[in-house]
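Chain A is the first sequence line, chain B the second, and so forth, proteins listed ahead of strands; every chain is numbered from 1.
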Amino acid sequence: MPELPEVETYVRELEPELTGRTITAARVFWSRTIAEPLAEEFPARIAGLGFDTFERRGKYMLLGMSDGSTLIVHLRMTGKLLILPSEREPDKHTHVVMELDNGLTLHYNDPRKFGRIWLVPDRTTVLAKLGPEPLADEFEIDDFGARLVGRTAPIKALLLDQRLVAGVGNIYADEALFRAHIHPGRAGGSLTPDEIERLHAAVRDVLAAGIRRRGSTLGGSSLQNYLRPGGLPGDFQNEFLVFRRTGQPCLVCGTPIARIVIAQRSTHFCPTCQPAF
DNA sequence: ATAAGGCCCTGACCGC
DNA sequence: TGCGGTCAGGGCCTTA
C-alpha cells in the first residue's frame, strides 16, 4: 500500500533514471486510469515531453515536464510504475505504457485499477484539499491540535483524512498511534496536549523511518505488494510493531496485538500499551 | 461542518 | 477440482 514513504522512495529512485529522458510515445489500455486529460488525448499530449523535476506531495508523485505541465501519479492501493526494457510485453494489469528515448519504458501496472494519472498544466487543482506536509515545518503541533478540537471521530479515522495531514495511510497510522501510546478509537477531540505532541512526533518519526527503509512491501499476496521502480521490495515491513501482527505478542509488553475495524479499515493496536481511557 | 457508509476493482481465501 | 461468497482498502461521493 503506497503511502508517503513509498511514494517518496519512488520519486527518489525515478529521478536518476528519468532525468534527461524524453517520452517518445504512450499507449493507454484502461482509460479510467487517466484522470486528465481524456484518455484518448493523453498519448499525443505526453509524447515529446521531457522529465524536469521530481517531487512528492502527500501520496502524489509530481513529475514536472519540460513544457511546464505536471505528470501526477497516485498509486492508490496496488499501483506500480516500473522501469522495464522496451521489448517487455504489457501484462494483464498494465494499463499505461510510456516509451522513453533510451530503450526503456515506464509501465503503469495496477491490479485493483484504483490508481490515477493526471497530465495537467496546473498541479494545484489536483492537490488543493491536502493538509500540511508532515515532514515539513508547515506541520505544526499547535495547528494539528487546533484541527482536532471538538472532533468526535476516532483519531485513527482522522489520521487517514488527507485534509488533516497529507500522506498517512493505514500502515503508518497504526504504527504512529502505537508509538504515541494512543488507542486508535479515541475521539480526536479527547486527546490531551501531551498526547497531541506525542502523536505529532510519532507521525513524523514513523514516516521518516519508512523512508529510510524505502517503504513497506507486504509479503504473501502479490496483489498488495508495493515494489520500487526497479522491481525491488522495501524493508520497513520488518520493523512493524503492530500492523498485521494480530494475535502476536506486543514487542514491548507481550500482550497479544488486537485487531478492530475503524473507518472500514483494519486497525491494529496493543490493548495494554494503548489503553482506551 | 462533521460523520458514516457506499462505491470502484479483482486476487486471495474459505467452505462445501 | 470447481464454484460462490466474502474481504481488503484510498479517495471520492452521497446521505444524514
Using whole Å, what does the distance between atom [atom2] of nucleotide [N] and atom [atom1] of [X] come to?
{"X": "A/R244", "N": "B/dA12", "atom1": "CZ", "atom2": "P", "value": "14 Å"}
{"X": "A/Y226", "N": "C/dA8", "atom1": "OH", "atom2": "P", "value": "24 Å"}
{"X": "A/D161", "N": "C/dG9", "atom1": "CG", "atom2": "P", "value": "18 Å"}
{"X": "A/I260", "N": "C/dA8", "atom1": "CD1", "atom2": "P", "value": "13 Å"}
{"X": "A/D110", "N": "C/dG9", "atom1": "CG", "atom2": "P", "value": "15 Å"}
{"X": "A/K80", "N": "B/dC9", "atom1": "NZ", "atom2": "C1'", "value": "14 Å"}
{"X": "A/F114", "N": "B/dG11", "atom1": "CZ", "atom2": "C1'", "value": "12 Å"}

Judged by modelled atom types alone, do [X] and [Y] share a side-chain donor-acceptor pair under 3.5 Å?
{"X": "A/D110", "Y": "A/T78", "value": "yes"}
{"X": "A/T192", "Y": "A/D194", "value": "no"}
{"X": "A/E6", "Y": "A/Y172", "value": "yes"}
{"X": "A/D52", "Y": "A/S66", "value": "no"}
{"X": "A/D174", "Y": "A/H268", "value": "yes"}

Computed from five pairs at either end and rounded to 10 degrees, the angle between the axes of the helix from B/dT2-C/dA16 to B/dC16-C/dG2 is 50°
Between [X] and [N], does any side-chain N or O lie under 4.0 Å from OP1 or OP2?
{"X": "A/H93", "N": "B/dC9", "answer": "no"}
{"X": "A/K113", "N": "B/dT10", "answer": "yes"}
{"X": "A/R259", "N": "C/dA8", "answer": "yes"}
{"X": "A/S266", "N": "C/dG9", "answer": "yes"}

Kindly assign one of parallel, tilted or perpendicular to the pair A/F236 and A/F240, based on the angle between their ring planes and the thresholds 30° and 60°.
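Ring orientation of A/F236 relative to A/F240: perpendicular.
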How are the rings of A/W30 and A/H95 set relative to one another: parallel (under 30°), tilted (30 to 60°) or perpendicular (over 60°)?
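Plane angle between 30° and 60°, so tilted.
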Can you tabulate the close N/O pairs, meaning under 3.5 Å, that link protein atoms to atoms of nucleotides 2-4 of chain B?
from	atom 1	to	atom 2	distance (Å)
B/dA3	OP1	A/T152	N	2.6
B/dA3	OP1	A/T152	OG1	3.0
B/dA3	OP1	A/A153	N	3.0
B/dA3	OP2	A/R151	NE	2.6
B/dA3	OP2	A/R151	NH2	2.5

Using a cut-off of under 3.5 Å, enumerate the N/O to N/O pairs linking the protein to nucleotides 11-14 of chain C.
from	atom 1	to	atom 2	distance (Å)
C/dG11	OP1	A/H74	NE2	2.8
C/dG11	OP2	A/K59	NZ	3.1
C/dG11	OP2	A/Q162	NE2	3.3
C/dG11	O4'	A/R76	NE	3.4

Would you indicate whether A/E197, at its atom CD, is surrounded by more than 12 heavy atoms from other residues, nucleotides or ligands within a distance under 6.0 Å?
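Result for CD/A/E197: open.
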Looking at A/P271, A/C270, A/C273, which one forms a side-chain contact (heavy atoms from CB on, under 4.5 Å) with A/I257?
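Only match with A/I257 under side-chain contact (heavy atoms from CB on, under 4.5 Å): A/C270.
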So which of A/M77, A/K92, A/K80 actually passes side-chain contact (heavy atoms from CB on, under 4.5 Å) with A/P111?
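Result for side-chain contact (heavy atoms from CB on, under 4.5 Å) with A/P111: A/K80.
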Under 6.0 Å between ring centres: does that hold for A/F178 and A/F269?
no
Ring centres under 6.0 Å, that's the criterion: do A/Y108 and A/F29 meet it?
no
Mind checking A/R116 for me? I need base, sugar-phosphate or nothing, with any heavy atom below 4.0 Å counting as a touch.
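Since no nucleic acid heavy atom lies under 4.0 Å of A/R116, the category is nothing.
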